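Within every chain, numbering begins at 1; the chains are lettered A, B, ... in the order of the sequence lines, protein sequences first and strands thereafter. Everything numeric here is computed off the predicted structure, so don't read it as measured data.
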Amino acid sequence: MEYKSNELLICIASRQMEDGTSAFIGTGIPMLAAALAKRMHAPNLVPLFEFGGIGGTLEHLPLGVGDSKTFYKAFAALGICDLMETAQRGMVDYGFLGGAQIDPYGNLNSTCIGPHDRPKVRLPGSGGANDIGSSCWKTIAVMQHTARRFVPKLDFLTTAGYLTGPGAREAAGLPKGTGPYRVVSNLALLGYDEATCRMKLLATNPGVTVQQVIENTGFELIVPDKVGVNEPPTERELTLLRNDIDPTHLYV
Amino acid sequence: MEYKSNELLICIASRQMEDGTSAFIGTGIPMLAAALAKRMHAPNLVPLFEFGGIGGTLEHLPLGVGDSKTFYKAFAALGICDLMETAQRGMVDYGFLGGAQIDPYGNLNSTCIGPHDRPKVRLPGSGGANDIGSSCWKTIAVMQHTARRFVPKLDFLTTAGYLTGPGAREAAGLPKGTGPYRVVSNLALLGYDEATCRMKLLATNPGVTVQQVIENTGFELIVPDKVGVNEPPTERELTLLRNDIDPTHLYV
Amino acid sequence: MSEMPAGGKGLLLHPDMDEVRAWMHANKSMRVTDKVMDGHEAVRRFVREGDFIATELYGSVRAPMGICREIVRQGYKTLNFAGQGVMETELLIAGGCVKKTELTYQGWEVYGISNILRRAAESGALEISDWSNAALAWRLKAAAMGISFIPARSMLGTDTFRYSGAKTVICPFTGQLYTALPATMVDVGIIHAHRADRHGNVQIDGISGFAWELARASKRLIVSVEEIISSDEVRKWPDRTMIPWFLTDAIVHHPFGSFPGEMCFCYDRDQEHLKAYIEATETEECTQKYLKEWAYDLPDHQALLDKVGADRLAWLKSRALGR
Amino acid sequence: MSEMPAGGKGLLLHPDMDEVRAWMHANKSMRVTDKVMDGHEAVRRFVREGDFIATELYGSVRAPMGICREIVRQGYKTLNFAGQGVMETELLIAGGCVKKTELTYQGWEVYGISNILRRAAESGALEISDWSNAALAWRLKAAAMGISFIPARSMLGTDTFRYSGAKTVICPFTGQLYTALPATMVDVGIIHAHRADRHGNVQIDGISGFAWELARASKRLIVSVEEIISSDEVRKWPDRTMIPWFLTDAIVHHPFGSFPGEMCFCYDRDQEHLKAYIEATETEECTQKYLKEWAYDLPDHQALLDKVGADRLAWLKSRALGR
């Protein structure tokens with residue numbers, strides 16, 4: 001079955017979501033991925049939305065992290081402090097993040113391109129990203145894969161990844177044992193090297209070569225001897241996405 | 001009309017409550033006093049109960065600061081943090097407090113008589129008293145007046161009055177401009193001298209002499225040239241108290 | 001503590017809680033009065049030039065659009081604002097009402113980044129210090145608690161910290177390093193809610209966002225509501241009062257007050273209006289045309305509802321999800 | 001910071017939030033499961049000797065009496081507890097279950113001071129550190145927020161401070177001195193509520209006391225409820241869920257679970273029972289007789305209800321104030 005780049009991203013992000021875990025879900029691809037995961041392999045995935053929705057069914061696709069569909073038939077509709085504090089006390093497994101730039105340590109920029117006081121491009125700002133990246137156990141970034149986005153140095157470090165490397169998070173005061181876990185891009189699935197905390201290629205997307213990934217990454221990527229290949233979206237995934245999850249094609 | 005000592009205390013405490021103000025109300029005499037004030041001169045008095053009741057009608061006399069009568073037909077039923085924080089941000093005018101001992105600076109003991117680790121008498125402890133005494137603008141103590149209760153030095157300083165005198169509250173970190181305001185006892189109404197922060201006689205109760213007040217106070221009391229005399233309970237006050245506020249005579 | 005990390009930006013407000021206490025004591029009362037007024041009066045009476053304001057909730061969800069259009073209409077020029085927000089704060093920026101902001105997020109989520117923020121920030125017209133969503137919510141929570149700072153684990157190690165006004169603090173029990181977030185007691189808080197009585201006892205359905213915190217972290221509080229209910233009804237359900245009367249300064253009756261945004265259990269967002277608006281924001285000229293049509297040229301909220309039309313409003317109502 | 005004032009008492013728990021986080025990660029899950037069990041099982045499974053426990057609410061109001069009688073019945077000897085409380089914590093002390101306590105208040109308000117606390121404290125059998133009500137609530141709130149301390153203006157300058165485990169901290173923005181309250185993440189929280197579904201989504205009517213805070217500041221949470229409702233009902237009113245399922249470890253169905261205390265909108269307190277109980281506490285012998293009759297000799301909560309009798313329970317129900 002034919003599929004769009006966005007659909008592939010959604011499917012691969014979706015497959016990172018484990019059943020029975022909890023995840024902060026941002027707008028867009030993570031919402032679709034969570035809705036898909038709940039219908040595929042993770043019926044007990046608990047989607048958390050930062051403005052208070054928790055344990056909703058995701059029957060209707062939300063358009064924003066505060067919208068009424070985030071708590072439709074949910075177990076609880078609370079507030080932003082409650083949700084962020086749940087993460088701060090260590091009860092949230094995953095956080096999904098996006099950004100305009102990512103660096104080798106998984107730090108993210110969603111604030112500005114160019115100097116902060118007179119930016120070339122002013123981006124939306126942290127929102128909940130910094131909080132989610134600080135307090136969730138594992139974060140997963142969803143990115144478009146280009147050399148201008150995978151950069152050696154961010155214009156602005158909005159959200160902490162591993163900062164400058166091993167031990168840096170803890171030294172900065174961030175909670176022990178937390179940090180970036182995966183990057184899902186339109187070219188590949190990436191992780192982090194345990195010893196150096198630097199980004200590492202795990203698997204390429206269908207039809208993408210290792211060389212292409214390297215060329216589209218603006219820093220030196222760790223490429224292990226064995227690199228996997230991601231499965232393309234299945235027919236069931238695509239059908240669910242197109243007919244059930246996003247029938248009015250807001251995203252797909 | 002004949003009246004009991006308790007009834008006098010309630011009436012005099014009640015007259016300290018200003019219309020349109022807010023007051024933390026503890027169990028017992030302050031509750032009756034607040035209920036009386038609302039029916040007499042202060043219909044817009046707002047009684048606050050530390051476990052969350054706020055703006056209730058006091059139609060039914062509560063038996064405790066958390067009981068359902070504290071929020072019967074109330075405007076809001078919140079929680080203890082909310083109420084204590086309202087006081088901490090400076091929105092509560094009065095607090096009514098009791099205690100086993102009071103000193104010349106209006107400090108109160110409701111924790112123990114004798115050493116803390118092996119007390120002669122273990123009292124209930126601070127409860128909300130310390131918080132109310134720290135954060136409300138003015139506190140009013142309701143006390144039995146004996147030399148064993150009005151002492152030069154407390155066995156245990158549970159709740160801050162003026163501590164050691166002028167400037168001591170601020171030096172300890174307590175909010176500016178707060179502190180003890182009145183003591184309502186079965187013998188007299190007392191206040192504090194502005195310059196020294198020491199307790200001062202304002203008015204004696206009906207039939208009580210200044211000499212009797214002095215004799216029943218275990219420290220040197222400031223006695224101004226002019227000491228007033230409190231009005232005895234009026235017929236209307238007593239009737240309201242006995243028939244309307246406490247018809248089953250739990251307190252009166 | 002001079003070697004402790006600290007953000008480089010100043011604060012729009014110094015978090016002096018004794019000053020806040022004194023202000024509350026002098027200006028706020030628990031007296032129960034009638035606080036219903038129209039949007040024009042609420043803004044005129046309680047919003048002053050130079051004020052630091054904050055709005056709740058977020059995106060196009062339960063946002064106080066009616067009150068913000070009123071602020072734009074009254075032509076304020078020197079407001080500052082805290083927060084996340086989307087359309088309501090975009091209108092304030094586009095209307096030239098805002099000088100400085102302590103920002104957490106301004107964007108359109110699925111519809112992309114904010115053209116209005118871009119123009120204001122990239123031209124240097126708008127001064128911005130950056131914070132995270134939780135940081136802002138906790139700063140309001142600290143003010144609500146009456147404390148001048150609160151520890152948090154957000155923002156540490158990042159430029160978000162460095163370009164904020166945050167500092168750090170060490171836990172005296174554990175030695176743990178925390179971000180010290182300064183309390184934010186704003187001059188005016190603006191919230192749109194489901195219902196309230198005339199005294200200002202407010203109920204909100206669905207998620208509470210940061211309404212609890214903002215209501216308590218505002219010197220002056222304007223609440224617009226879909227519906228005004230009796231105090232008897234409030235007293236029957238005291239456990240549903242999120243904002244008690246003494247926090248509230250003005251209750252404004254604004255049915256469809258979140259339009260073109262949504263209000264849970266009441267009405268859906270007006271997707272077409274939003275799309276047209278976002279398109280308009282692509283140029284400054286079209287943005288001003290939109291503002292003229294949808295704010296300046298309308299005398300009040302009722303005129304907006306008339307312009308949208310009863311049929312359209314009924315349709316939006318019919319699209320709301322139930323409980 | 002060595003010259004900063006600090007209370008002289010140690011803490012029963014070190015407020016290490018990274019340890020708490022690791023514990024939560026290893027032991028708590030958001031998986032939706034059936035958590036209904038009887039009181040015996042809930043206590044046996046979730047309360048261990050040596051645990052630091054806390055109960056909510058206060059006095060004879062919405063107190064988890066059924067669960068506390070169960071703890072007494074199971075003969076614990078080395079528990080510690082935090083808090084205010086009256087009858088439920090008195091039973092634990094009288095039953096010899098408690099070694100140490102971080103206390104805020106233990107007394108009978110209108111009925112005077114606690115004989116049981118007096119005997120335990122004056123004999124030296126019970127080790128006590130003193131705190132204020134707000135201090136305890138804020139300590140739970142700090143734990144709920146995932147931070148190891150929180151600033152407060154209570155306790156400063158007093159012996160309550162000196163005989164607590166509190167320290168002080170200076171605001172890095174204002175220089176203001178605050179009490180630094182250490183977070184209290186208790187081993188077991190015990191709450192009585194109006195209703196919950198089988199997964200542990202809990203609703204409470206009336207004042208919330210410190211249920212919100214305690215539920216989030218408990219490693220293990222036992223909630224007894226008057227009524228078990230369907231999850232469909234919970235999902236219809238998500239804004240009424242105060243305690244979401246993943247905080248809850250056990251749901252125990254205990255109608256009249258606060259007896260002889262009251263439960264707002266449900267039943268009034270049993271004034272005669274309370275008076276007789278308080279009289280009994282005047283001597284250790286009569287206290288033990290009371291415990292034998294009302295805890296040890298009853299196999300479970302149902303046996304207590306049978307002993308009280310349906311007529312009496314119906315009468316207590318009839319005396320509750322409505323909304």
The interface call for Glu85(B) against chain D, heavy-atom contacts under 4.5 Å, is both
Distance from Phe71(B) atom CZ to Ile207(D) atom CD1, nearest 0.5 Å? 5.0 Å
Residues Asp130(D) and Arg122(B) bridged, charged N to O under 4.0 Å: yes
Rounding to 0.5 Å, atoms CG (Leu157(B)) and OG1 (Thr158(D)) come to a distance of 6.5 Å
I need the Ser154(D) OG to Leu174(B) CG distance, nearest 0.5 Å. 8.5 Å
Is Leu163(B) in contact with chain D via its backbone, its side chain, both, or neither, using a 4.5 Å heavy-atom distance? side chain
Looking at CD of Glu262(D) and CG of Leu63(B), how far apart are the two atoms once the value is rounded to the nearest 0.5 Å? 8.5 Å
Is chain D contacted by the side chain of Lys73(B), its backbone, both, or neither, given a heavy-atom distance below 4.5 Å? side chain
Just jot down the ring pair (Phe, Tyr, Trp, His ring centres under 6.0 Å) partners of Phe75(B), sequence neighbours excluded, or say none. His199(C), Trp245(C)
Heavy atoms of other groups near Phe259(D) CZ, more than 12 under 6.0 Å: yes
For chain B, find which of Gln106(D), Met155(D), Glu122(D), Glu213(D) contributes the most heavy-atom pairs closer than 4.5 angstrom. Glu122(D)
Heavy-atom closest pair, residues Ala134(D) and Met84(B): CB-CG, 3.5 Å
Contact origin within Trp131(D) toward chain B - heavy atom pairs under 4.5 Å: backbone
With a 4.5 angstrom heavy-atom cut-off, which part of Tyr72(B) approaches chain D: side chain, backbone, both or neither? side chain
Between atom NZ of Lys141(D) and atom SG of Cys81(B), what is the distance when rounded to the nearest 0.5 Å? 4.5 Å
Identify which part of Thr164(B) has an atom lying under 4.5 Å from any heavy atom of chain D, answering side chain, backbone, both or neither. neither
Expected contact set for residues 107-118 of chain B against chain D at heavy-atom separation under 4.5 Å reads Thr111(B), His116(B), Asp117(B), Arg118(B)
